[in-house]
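The structure under discussion appears below in the form of structure tokens.
Reckoned from all heavy atoms, side chains included, excluding hydrogens, waters and symmetry mates. A note on names: the letters A, B, ... follow the listed sequences, proteins ahead of strands, and every chain is numbered from 1.
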2 protein chains.
Amino acid sequence: MTLDAGQLDTEQLDTTQLDTNAEASPKLGRKRDHTRDPDILAAALDVLAETGYEGMTMEMVATRAKAGKATLYRRWPSKGELVIDAIACMKHGDVDRDGLPDTGTLRGDLVAMIKPHTIEDSTRKMRIMAGLTSMISRSPELAEAARVAIVEPRASANRILLQRAIDRGEISADCDIENLAVVSQSMAIFRVLVLQEPVNRDFFIGLIDGVVLPAVGLGRARS
Amino acid sequence: MTLDAGQLDTEQLDTTQLDTNAEASPKLGRKRDHTRDPDILAAALDVLAETGYEGMTMEMVATRAKAGKATLYRRWPSKGELVIDAIACMKHGDVDRDGLPDTGTLRGDLVAMIKPHTIEDSTRKMRIMAGLTSMISRSPELAEAARVAIVEPRASANRILLQRAIDRGEISADCDIENLAVVSQSMAIFRVLVLQEPVNRDFFIGLIDGVVLPAVGLGRARS
DNA sequence: TAGATCCGGAACTGTTCAGTTTCGTATAGA
DNA sequence: TCTATACGAAACTGAACAGTTCCGGATCTA
């Protein structure tokens, strides 16, 4: 069993090494770039999404990244740390207020969030999440990395949209922002993980019109 | 890797064997009871909840059930089938209409569903679910078994309560029953799996008052 | 071109675990 | 009591895989 990623006292080393290597020792025969890192991390995420943590082997990651296993271990001390790093380095999408849609209505904003790109991205993240679940309960670092990289970005976007709707007087100020901000993610993970059904545009629209908007006093339950 | 449970053409054999063994061959020196089955299945669920599918070893299950590994393999052809059987044989709680609370209000009914026993049971099921996720995407039988034993009972209970509320005119008939019936489960799994936070009475009450009731036109968003 | 360094590939080690086999024992029916 | 059978325990087999080691070639600097 590989509980190894569980209790690490060395997780500090990771970032430390990264910084050090990137800046120091320019005297040598070659830049100590770790040029292959992005390829390897991307490969790790791919394999993770496809096979899950337990099904993922270092061989698979190496092969997919056209690298040698040795290269992986030169850079990360274990499979667990590689995965944590891969999650942490995920490009965690749109968090900035100004990049968010602002259509004037909550429904407009929520619907505007559903772009093909977003659905694709979301599905991939759900799959990665699914692949992580067994490990998450054993590794606090991994749980935190996943929360920051996958859950928070979308949750905080939703929080902002809801708050704007409150500010403009569109919805009541005492609605349950915290829960509502993660409803769609929860339902999406449930759908992918448990029901094995696709998460598509219709699903999200149905959620907005059937749950979120009614829950803030807009939509069908009032009409 | 143990994808074994994936494509089985023999899952019929399971129940067939059960029935056959229970009734046939009373000629022998001992009833062919498979007396140890319940202990073993219970042990399997325990280990599953604690360590997940990948972490669970046949040794653990045998030890916990005070049985030998050989006994397990005499009864089930593989680890995958044992797990499927364990899930399928789970006592899937209150599904009958008459056992459900009927307090006269939707809120009363939903709150009445939250008994300490239910929370405990729910938490255990969430953990088992968490332990299954990696395998669910590879085994349709397992996915189906989990849906029937874990998801459906509660979802259909919620559907009934919502329908009753509609019938008595308490809530609008065009509310999104299908989605609302799985909101609390989705959020609970999300909370356990991803956020690693406890699922307790307050959480469920918060969900009822902050999401479900507002979404059907009752509760804070209307008041 | 020479020297240092990084990389990919491939062979290797050790462990874990699913599944098997064997054996001594307990038990229920004749 | 005798006999057939199910059982627990323990040893065993074989495969998969994390992590290591070694080497030959590529690439950059001087």
Does NZ or CZ of A:Lys79 come closer than 6.0 Å to the centre of the six-membered ring of A:Tyr53, within 45° of the ring's axis?
yes
Close residues, residues 65-73 of chain B, relative to DNA chain D [heavy-atom separation under 4.0 Å]:
B:Lys66, B:Ala67, B:Gly68, B:Ala70, B:Thr71
A:Ile40 CD1 - C:dC6 P separation (whole Å)
14 Å
Every protein N/O within reach of nucleotides 13-15 of chain C N/O, cut-off under 3.5 Å:
none

Length of the CD-P vector between A:Glu59 and D:dA16, whole Å:
12 Å
Do A:Thr51 side-chain atoms and A:Val47 backbone N/O form a donor-acceptor pair below 3.5 Å?
yes
Measure CZ/B:Arg36 against C1'/C:dA26 and give the value in whole Å, please.
13 Å
Could you list the residues that satisfy side-chain contact (heavy atoms from CB on, under 4.5 Å) with A:Thr118, not counting sequence neighbours?
A:Lys115, A:Arg154
Expressed as a whole number of angstroms, how long is the span from B:Glu81:CD to C:dG19:C1'?
14 Å
Can you list the residues that meet the side chain to side chain donor-acceptor pair (under 3.5 Å) rule with B:Arg201, with sequence neighbours excluded?
none
In chain order, what residues pass the side chain to side chain donor-acceptor pair (under 3.5 Å) check against A:Glu197, with sequence neighbours excluded?
A:Arg191
Can you list the residues that meet the side chain to side chain donor-acceptor pair (under 3.5 Å) rule with A:Glu50, with sequence neighbours excluded?
A:Arg64
Would you please name every residue forming a side-chain contact (heavy atoms from CB on, under 4.5 Å) with A:Pro38, sequence neighbours left out?
none
Can you tell me the distance, in whole Å, between the CH2 atom of A:Trp76 and the C1' atom of D:dT20?
18 Å
Contacts satisfying side-chain hydrogen bond (donor to acceptor under 3.5 Å, both in side chains) that involve residues 177-189 of chain B (not counting sequence neighbours) are B:Arg159-B:Glu178, B:Asp176-B:Asn179
Shortest side-chain distance from B:Arg74, nucleotide among C:dG19, C:dG9, C:dT22
C:dT22
note: A:Leu82, atom CG; D:dC17, atom C1'; distance rounded to Å ~ 15 Å
Listed partners of B:Ala112 passing side-chain contact (heavy atoms from CB on, under 4.5 Å), at least two apart
B:Pro101, B:Thr103
To the nearest angstrom, how far is B:Met58 atom CE from D:dA11 atom C1'?
18 Å
Grab the CZ-P distance between B:Arg75 and D:dT5 for me, whole Å please.
19 Å
